[in-house]
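For reference, positions follow the sequence shown, starting with 1. For clarity, every value in this text was computed on a predicted model and none was experimentally measured. The figures that follow rest on heavy atoms only: side chains count, while hydrogens, waters and symmetry mates do not.
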Amino acid sequence: MAHPPAIVGVAVSGGGDSMALLHLMHGLCTLHGTRLRAVTVNHGLRADAATEADLVSRFCAKLGVPHDTLLWDAWDGTGNLQNEARNARYDLMAAWARQHNVSTIAIGHTADDQAETVLMRLARRAGVNGLAGMSARWMRDGITWVRPLLAATRDDLRCYLQAQHIEWIDDPSNEDTRFQRVRARKALATLADLGIDAEGLSEVAANMALARTALDWQTFLTARDIVEIDAGAVVLDERKMRVLPDEIQRRLLVHAVNWISGETYPPRRAALANLMQALRKGQAGTADGVHARRIGGKIWVFRELNAVADAQTKPDDLWDDRWRVYPTEPIDRTEKITVRALGPEGLEQCPDWRASGRPHAVLLSTPAIWQGDKVIAAPLPERARNGMRRWTAAKRPFLPHYLRIEHGAIVSILRRWLTMWVGAVVAKHRGSRI
């Protein structure tokens with residue numbers, strides 16, 4: 001690699017896919033002088049989980065790879081177990097990565113996992129993004145996550161492990177048909193007679209990923225032309241928006257809603273369709289705590305007041321996960337002041353708010369500095385008039401985070417190199433058994 005990271009993390013459960021990834025990553029990192037550190041998350045849901053973590057620990061010791069086991073014990077028994085466990089796993093590993101200065105973590109999803117994902121999303125009537133399957137590279141919680149084995153099948157990886165005399169443990173939950181992914185896995189075996197297999201569906205996902213990248217790029221160019229950011233709201237030129245293809249309109253709205261709400265996944269398709277229909281009729285609509293309406297030839301997409309009515313932080317802390325309000329001159333830190341939504345009561349204390357040129361509905365959900373029931377600063381509707389103190393509000397940027405970077409030097413080289421290595425070992429091993 002031209003510019004390898006100083007240290008790379010690898011997530012290892014003890015199963016065949018992740019054990020193969022660990023061994024392959026160890027070889028690659030040794031070749032390029034990159035340090036490797038492994039992590040295992042024990043969800044505490046099965047008695048065998050500790051045994052699997054111990055297997056990983058012993059194998060890492062043999063390879064000379066530092067290894068840590070993280071325990072998740074926070075599930076309260078409610079919600080979707082698989083979703084809760086997955087989110088907890090990523091949260092724990094992200095915190096672990098920051099602790100050890102790891103910026104990139106490799107995980108062992110395979111072509112089979114990709115095929116199962118595509119099949120499950122077909123059942124949900126997914127569009128281009130859904131059928132693009134799992135990304136080879138993405139960002140979450142400030143960490144870069146990569147899936148370098150998406151071109152390798154599960155059978156090939158197990159053949160590789162056998163050739164290398166590496167032990168692994170199969171998770172019994174992979175046979176539990178209560179889980180949709182397990183049912184999809186079994187359905188793939190049935191569909192094989194029609195030529196629908198892991199390799200074929202993975203290729204479909206790759207084709208859809210190319211289409212997604214093209215659509216994302218076109219949406220990005222359109223956003224630069226018709227989008228403005230004002231008071232934390234996304235403001236779109238209605239005339240230009242109206243003549244865009246429906247899919248580009250939809251993508252612009254999805255990104256606007258997600259940017260404001262902080263959600264990772266887009267709103268439900270039905271909710272978004274209702275929102276788009278309402279806007280076309282000149283009506284207002286909401287999705288994921290975000291409000292959208294036509295005002296003066298513009299489409300304003302902004303935070304819904306109800307979504308932040310109870311949000312309260314100290315000055316300098318992040319408010320609504322996107323605003324940071326801080327003073328531009330010294331203040332008395334002993335004063336009991338908080339950051340809350342301006343709301344109708346606060347806007348009444350800003351008699352000159354119309355001078356800001358911003359709509360009433362938009363300003364209601366913007367941050368203000370409160371001392372009891374009194375607004376002492378409202379950075380967006382006011383400009384330090386009427387005796388209000390000078391404060392400013394900063395928000396995260398919109399366009400720089402728009403494009404999803406699917407492929408980078410690390411992931412493309414990892415995928416090519418690891419797939420070639422697996423292929424060579426598997427061919428040799430299978431040839432020796434003939």
**Student:** Run the salt-bridge test on R147 and D17 with the 4.0 Å N-O cut-off and return the result as yes or no.
**Tutor:**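 Looking at R147 and D17, the cut-off is not met.
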
**Student:** First locate atom NE2 of H26, then atom OG1 of T34, and finally report the distance between them rounded to the nearest 0.5 Å.
**Tutor:**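 Here the rounded value is 12.0 Å.
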
**Student:** Do I248 and L215 have side chains that approach each other closer than 4.5 Å (heavy atoms only, starting at C-beta)?
**Tutor:**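 Yes, close enough: below the 4.5 Å cut-off.
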
**Student:** Would you give the length of the straight line joining atom CD of Q349 to atom CD1 of I376, rounded to the nearest 0.5 angstrom?
**Tutor:**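 Here the interatomic distance stands at 11.0 Å.
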
**Student:** I'd like to know if K298 pairs up with E238 as an ion pair, taking the criterion as any Lys NZ or Arg NE/NH1/NH2 lying under 4.0 Å from an Asp or Glu carboxylate oxygen.
**Tutor:**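 No salt bridge links K298 with E238.
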
**Student:** With a 4.5 Å limit on heavy-atom distance, are the side chains of T222 and L244 in contact?
**Tutor:**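 The answer is yes; the side chains approach within 4.5 Å.
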
**Student:** Drop me the distance from L275's CG to L253's CG, to the nearest 0.5 angstrom.
**Tutor:**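 With rounding to 0.5 Å, CG (L275) is 5.5 Å from CG (L253).
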
**Student:** What I'd like to find out is whether the side chain of V339 reaches to under 4.5 Å of the side chain of I369, using heavy atoms alone.
**Tutor:**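 Yes - at least one pair of side-chain heavy atoms lies under 4.5 Å apart.
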
**Student:** Any side-chain heavy-atom pair from L272 and R250 closer than 4.5 angstrom?
**Tutor:**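 Of all side-chain heavy-atom pairs linking R250 with L272, at least one is under 4.5 Å.
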
**Student:** Examine distances only and state if a side-chain atom of T153 and a backbone atom of D156 form a donor-acceptor pair shorter than 3.5 Å.
**Tutor:**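 Present.
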
**Student:** Between V290 and V301, is the side chain to side chain contact (heavy atoms under 4.5 Å, CB included) condition met? List the steps.
**Tutor:** CA-CA 7 Å; V290 176; V301 186; 3.5 Å; yes

**Student:** Could you go step by step and tell me if R37 and D68 meet the salt bridge (Lys or Arg N to Asp or Glu O under 4.0 Å) rule?
**Tutor:** CA-CA 8 Å; R37 192 176 190 105; D68 301 287; 2.8 Å; yes

**Student:** Stepwise, does the side chain to side chain contact (heavy atoms under 4.5 Å, CB included) test hold for L252 with L236?
**Tutor:** CA-CA 9 Å; L252 279 171; L236 304 108; 4.2 Å; yes

**Student:** Decide yes or no for W72 and D91: does some side-chain heavy atom of the first lie under 4.5 Å from some side-chain heavy atom of the second?
**Tutor:**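 When only atoms from C-beta onward are counted, D91 and W72 do not touch, as no gap falls below 4.5 Å.
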
**Student:** Under 6.0 Å between ring centres: does that hold for H291 and W300?
**Tutor:**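 Not under 6.0 Å, so no.
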
**Student:** Any carboxylate oxygen within less than 4.0 angstrom of a Lys/Arg side-chain nitrogen, looking at E116 and K186?
**Tutor:**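 Answer for the salt bridge query: no.
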
**Student:** What are the two closest heavy atoms between A341 and W319, and how far apart are they?
**Tutor:**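 Heavy-atom minimum between the residues: N-CZ2, 3.4 Å.
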
**Student:** Could you state the interatomic distance from CD (E304) to OG (S261), rounded to the nearest 0.5 Å?
**Tutor:**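 So the CD of E304 and the OG of S261 are separated by 11.5 Å.
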
**Student:** Where do G289 and A307 come nearest, in terms of heavy atoms and distance?
**Tutor:**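 Nearest heavy atoms, G289 then A307: O-CB, 3.7 Å.
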
**Student:** Step by step, would you call V362 with L380 a side chain to side chain contact (heavy atoms under 4.5 Å, CB included)?
**Tutor:** CA-CA 10 Å; V362 173; L380 296 168; over 6 Å; no

**Student:** Between R158 and D170, is the closest basic N to carboxylate O distance under 4.0 Å?
**Tutor:**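 Salt bridge between D170 and R158, a charged N being under 4.0 Å from a carboxylate O: yes.
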
**Student:** Does V39 reach the side chain of L70, with side-chain heavy atoms less than 4.5 Å apart?
**Tutor:**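 When only atoms from C-beta onward are counted, L70 and V39 do touch, with a gap below 4.5 Å.
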
**Student:** Show your working on side chain to side chain donor-acceptor pair (under 3.5 Å) between T104 and T144 and close with a plain yes or no.
**Tutor:** CA-CA 5 Å; T104 302; T144 301; 4.5 Å; no

**Student:** Would you mind telling me which of Q249, R251, E247 makes a side-chain contact (heavy atoms from CB on, under 4.5 Å) with T219?
**Tutor:**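 Between T219 and the candidates, side-chain contact (heavy atoms from CB on, under 4.5 Å) is satisfied uniquely by R251.
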
**Student:** Looking at CG of N274 and CZ of R269, how far apart are the two atoms once the value is rounded to the nearest 0.5 Å?
**Tutor:**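 Going from the CG atom of N274 to the CZ atom of R269 covers 12.5 Å.
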
**Student:** I want to check something: taking the side chain as every heavy atom from C-beta on, are L24 and P148 in contact at a cut-off of under 4.5 Å?
**Tutor:**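 Side chain of L24 against side chain of P148, heavy atoms only: no contact under 4.5 Å found.
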
**Student:** Any chance you could lay out the side chain to side chain donor-acceptor pair (under 3.5 Å) test for T110 and D113, step after step, and finish with the verdict?
**Tutor:** CA-CA 5 Å; T110 67; D113 295 308; 3.2 Å; yes

**Student:** Where do R303 and D320 land on the salt bridge (Lys or Arg N to Asp or Glu O under 4.0 Å) test, with the steps shown first?
**Tutor:** CA-CA 9 Å; R303 196 54 148 150; D320 191 26; 3.0 Å; yes

**Student:** Do you know which two heavy atoms are closest between R294 and K281, and how far apart they sit?
**Tutor:**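 What the structure gives for the nearest pair is NH1-C, 3.9 Å.
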
**Student:** I need the minimum non-hydrogen distance between A11 and M93, along with the two atoms involved.
**Tutor:**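 Taking A11 first and M93 second, the nearest heavy atoms are CB-SD, 3.6 Å.
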
**Student:** Atom CZ of residue position R140 - does it have more than 12 heavy atoms of other residues, nucleotides or ligands inside 6.0 Å?
**Tutor:**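 Yes, because the 6.0 Å sphere around CZ of R140 holds more than 12 heavy atoms from other groups.
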
**Student:** Answer yes when E345 and K374 have at least one side-chain N-carboxylate O distance shorter than 4.0 Å, and no when they do not.
**Tutor:**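 Salt bridge absent between E345 and K374.
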
**Student:** Please answer whether the main-chain N or O of I143 pairs with a side-chain N or O of W145 as donor and acceptor at a distance below 3.5 Å.
**Tutor:**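 Checking the backbone N and O of I143 against the side chain of W145, a donor-acceptor pair under 3.5 Å is found.
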
**Student:** Between D112 and R185, does at least one N-O distance fall below 4.0 Å, as a salt bridge requires?
**Tutor:**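 So D112 does not pair with R185 through a salt bridge.
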
**Student:** Take W353 and R358 through the test side chain to side chain contact (heavy atoms under 4.5 Å, CB included) and record every step on the way to the result.
**Tutor:** CA-CA 8 Å; W353 66 265; R358 292 157 178 159; over 6 Å; no

**Student:** Under 6.0 Å from the six-membered ring centre of W259 and within 45° of its axis: does the NZ or CZ of R322 meet both?
**Tutor:**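 The answer is yes; both the distance and angle limits are met.
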
**Student:** Under the 3.5 angstrom rule, does the side chain of T40 hit a backbone N or O of A53 as a donor-acceptor pair?
**Tutor:**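 No, because the side chain of T40 does not come within donor-acceptor range (under 3.5 Å) of the backbone of A53.
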
**Student:** Please collect all salt bridge (Lys or Arg N to Asp or Glu O under 4.0 Å) contacts where either partner lies in residues 122-135, sequence neighbours excluded, each pair once.
**Tutor:**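 Output for this query is empty, none listed.
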
**Student:** Kindly write out the residues that satisfy salt bridge (Lys or Arg N to Asp or Glu O under 4.0 Å) with R340, not counting sequence neighbours, or none if the list is empty.
**Tutor:**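 Checked R340 against salt bridge (Lys or Arg N to Asp or Glu O under 4.0 Å); zero matches.
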
**Student:** Counting N and O atoms only, with roles assigned by atom type, does the side chain of S202 sit under 3.5 Å from a partner on the main chain of E199, one being a donor and the other an acceptor?
**Tutor:**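 Between the backbone of E199 and the side chain of S202 there is no qualifying donor-acceptor contact (under 3.5 Å).
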
**Student:** For a quick test of reading the model, state the closest non-hydrogen atom pair linking L364 to L347 and the distance between them.
**Tutor:**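 Closest approach of L364 to L347, heavy atoms only: CD2-CD2, 3.9 Å.
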
**Student:** Within the supplied structure, the quantity of interest is the number of heavy atoms (other residues, nucleotides, ligands) at a distance under 6.0 Å from Q312 CD; does it exceed 12?
**Tutor:**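 Yes, CD of Q312 has more than 12 neighbouring heavy atoms, counting only those of other groups under 6.0 Å.
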
**Student:** Checking S18 side chain against S13 main chain: does a donor-acceptor pair fall under 3.5 Å?
**Tutor:**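 Yes, the answer is positive, given that a donor and an acceptor are paired below the 3.5 Å cut-off.
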
**Student:** Answer yes when D225 and K240 have at least one side-chain N-carboxylate O distance shorter than 4.0 Å, and no when they do not.
**Tutor:**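 Yes, this pair counts.
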
**Student:** D237 and R242: salt bridge (Lys or Arg N to Asp or Glu O under 4.0 Å), yes or no, with the steps?
**Tutor:** CA-CA 9 Å; D237 186 294; R242 192 167 54 241; over 6 Å; no

**Student:** Sequence neighbours excluded, which residues qualify as salt bridge (Lys or Arg N to Asp or Glu O under 4.0 Å) partners of R35?
**Tutor:**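 Partners of R35 by the salt bridge (Lys or Arg N to Asp or Glu O under 4.0 Å) criterion come out as none, since no residue qualifies.
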
**Student:** Between N258 and P267, which heavy-atom pair has the shortest distance, and what is it?
**Tutor:**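 Looking at all heavy atoms of both residues, the shortest contact is OD1-CD, 3.8 Å.
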
**Student:** Salt bridge check, R98 against D141: does any charged N sit closer than 4.0 Å to a carboxylate O?
**Tutor:**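 Not counted as a salt bridge, because no side-chain N and carboxylate O are separated by less than 4.0 Å.
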
**Student:** To the nearest 0.5 Å, how far apart are CG in L342 and OG in S365?
**Tutor:**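 That separation rounds to 9.0 Å.
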
**Student:** For the backbone of A233 and the side chain of D230, can you confirm whether one donor and one acceptor N or O come within less than 3.5 Å of each other?
**Tutor:**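 Pair absent, no side-chain N/O of D230 close to backbone of A233.
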
**Student:** For the pair R121 (side chain) and L131 (backbone), establish whether a donor and an acceptor sit closer than 3.5 Å, ignoring hydrogens and angles.
**Tutor:**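 Looks like no, no N/O pair under 3.5 Å.
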
**Student:** When you compare the side chain of L21 with that of V12, does any pair of heavy atoms fall below 4.5 Å?
**Tutor:**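 Not in contact.
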
